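Worksheet: the structure to be examined is printed underneath.
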Amino acid sequence: MTDTQNIADLPEWAQTIIRDLRSEAAGNRKAAQEATTERDELRTKLHERAAAEALEGVRSLMADPEDLARFVDAAELLGDDGAPDPAKYTEAATKLVESKPHLGPRVKDFGSPVGGAGRSGNGVGGARPREQTYDTAAQIQAGRQDFIHAVRGS
């Protein structure tokens, strides 16, 4: 015998109660399915936000934090609860930069000359040099002499 045959044998008032209960159960199943879908969407958004914050946390360790996703399996970056773990992101970024230093933060180099002098000619971080005094008249006289020797060919 099937459920339909058994229900048909019941009195009308019992059949009405069964239909109402089945209808209510169907509504509850639909509501549960919608709640599950909403929960999954919220969980995804939460994990995306947590991952973005964790990536932001390794910005000082790497030139491009997105490189972490290229070189490290995402499953290694998740905690026991399945959410992104900032500590694991930091640890993975540190190991990655140690093995691939070119992925580390770029240091701005302004092209200081050889010998550690800065753009001003001063030693980097050192004291300012004493001002040199120039005898302009002597330089002009030396320049005249060089010119005269060049013209005379001597």
Side-chain angles (χ1 to χ4, degrees), residues 1-136 139-140 143 146:
M1 288 190 182
T2 62
D3 288 339
T4 311
Q5 291 172 335
N6 290 339
I7 294 172
D9 295 339
L10 296 174
E12 186 63 34
W13 63 269
Q15 290 179 20
T16 304
I17 291 174
I18 291 172
R19 277 193 297 270
D20 291 344
L21 289 174
R22 285 183 175 174
S23 176
E24 182 182 348
N28 289 340
R29 282 192 301 273
K30 184 175 181 182
Q33 186 177 16
E34 290 171 355
T36 300
T37 303
E38 182 180 2
R39 179 206 62 203
D40 292 344
E41 289 172 358
L42 291 173
R43 181 181 291 155
T44 300
K45 287 179 184 178
L46 178 65
H47 286 187
E48 288 172 356
R49 182 173 291 165
E53 288 174 3
L55 279 177
E56 199 56 40
V58 297
R59 186 167 297 284
S60 64
L61 301 174
M62 301 182 72
D64 182 8
E66 298 294 327
D67 285 338
L68 195 61
R70 292 182 192 101
F71 293 100
V72 178
D73 183 23
E76 295 177 19
L77 303 174
L78 302 178
D80 295 335
D81 59 353
D85 184 356
K88 288 187 178 185
Y89 272 73
T90 303
E91 180 183 345
T94 303
K95 286 181 182 177
L96 184 61
V97 170
E98 285 174 1
S99 67
K100 299 178 185 295
H102 64 280
L103 296 176
R106 290 177 179 73
V107 178
K108 292 183 180 179
D109 181 15
F110 294 107
S112 59
V114 177
R119 287 186 169 212
S120 65
N122 300 337
V124 177
R128 293 178 175 251
R130 290 185 224 130
E131 290 189 29
Q132 297 176 353
T133 55
Y134 294 102
D135 184 4
T136 309
Q139 288 180 342
I140 292 173
D146 289 343

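Note that the coordinates shown come from a computational prediction; the quantities given were computed from them, not determined experimentally. Only this structure's heavy atoms are used, side chains among them; waters, hydrogens and symmetry mates stay out.
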Just list the side-chain donor-acceptor pairs under 3.5 Å for residues 53-61, sequence neighbours left out, or say none.
from: E56; atom 1: OE1; to: R59; atom 2: NE; distance (Å): 3.3
from: E56; atom 1: OE1; to: R59; atom 2: NH2; distance (Å): 3.3
from: E56; atom 1: OE2; to: R59; atom 2: NE; distance (Å): 2.9

- Message: A side-chain contact here means heavy atoms from C-beta on lying under 4.5 Å apart; do L78 and K88 qualify?
- Response: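 The answer is no, as the side chains (C-beta and beyond) never meet within the 4.5 Å cut-off.
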- Task: Over all heavy atoms of both residues, which pair between P84 and H47 is shortest? Give the atoms and the distance, please.
- Result: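 Looking at all heavy atoms of both residues, the shortest contact is CG-O, 3.4 Å.
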Distance, nearest 0.5 Å, that separates [atom1] of [X] from [atom2] of [Y]:
X	Y	atom1	atom2	value
I17	I7	CD1	CD1	12.5 Å
T94	Y89	OG1	OH	14.0 Å
L68	M62	CG	CE	5.5 Å

- Message: Please enumerate all residues that pass side chain to side chain donor-acceptor pair (under 3.5 Å) together with D67, with sequence neighbours excluded.
- Response: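 With sequence neighbours excluded, D67 shows a side chain to side chain donor-acceptor pair (under 3.5 Å) to R70, given in chain and number order.
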- Task: Sequence neighbours left out, what passes side chain to side chain donor-acceptor pair (under 3.5 Å) with E91? Give chain and number order.
- Result: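 For E91 the side chain to side chain donor-acceptor pair (under 3.5 Å) partners, ignoring immediate neighbours, are K95.
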All N/O donor-acceptor pairs, side-chain side in residues 34-46, below 3.5 Å, sequence neighbours left out:
from: T36; atom 1: OG1; to: A32; atom 2: O; distance (Å): 2.8
from: T37; atom 1: OG1; to: Q33; atom 2: O; distance (Å): 3.0
from: T44; atom 1: OG1; to: D40; atom 2: O; distance (Å): 2.9

- Message: Applying side chain to side chain contact (heavy atoms under 4.5 Å, CB included), can you list everything that pairs with A63, at least two apart in sequence or on another chain?
- Response: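 Side chain to side chain contact (heavy atoms under 4.5 Å, CB included) check on A63 returns R106.
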- Non-neighbouring partners of E12 that pass side chain to side chain contact (heavy atoms under 4.5 Å, CB included), sequence neighbours left out: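 Listed in chain order: Q15, T16, R19.
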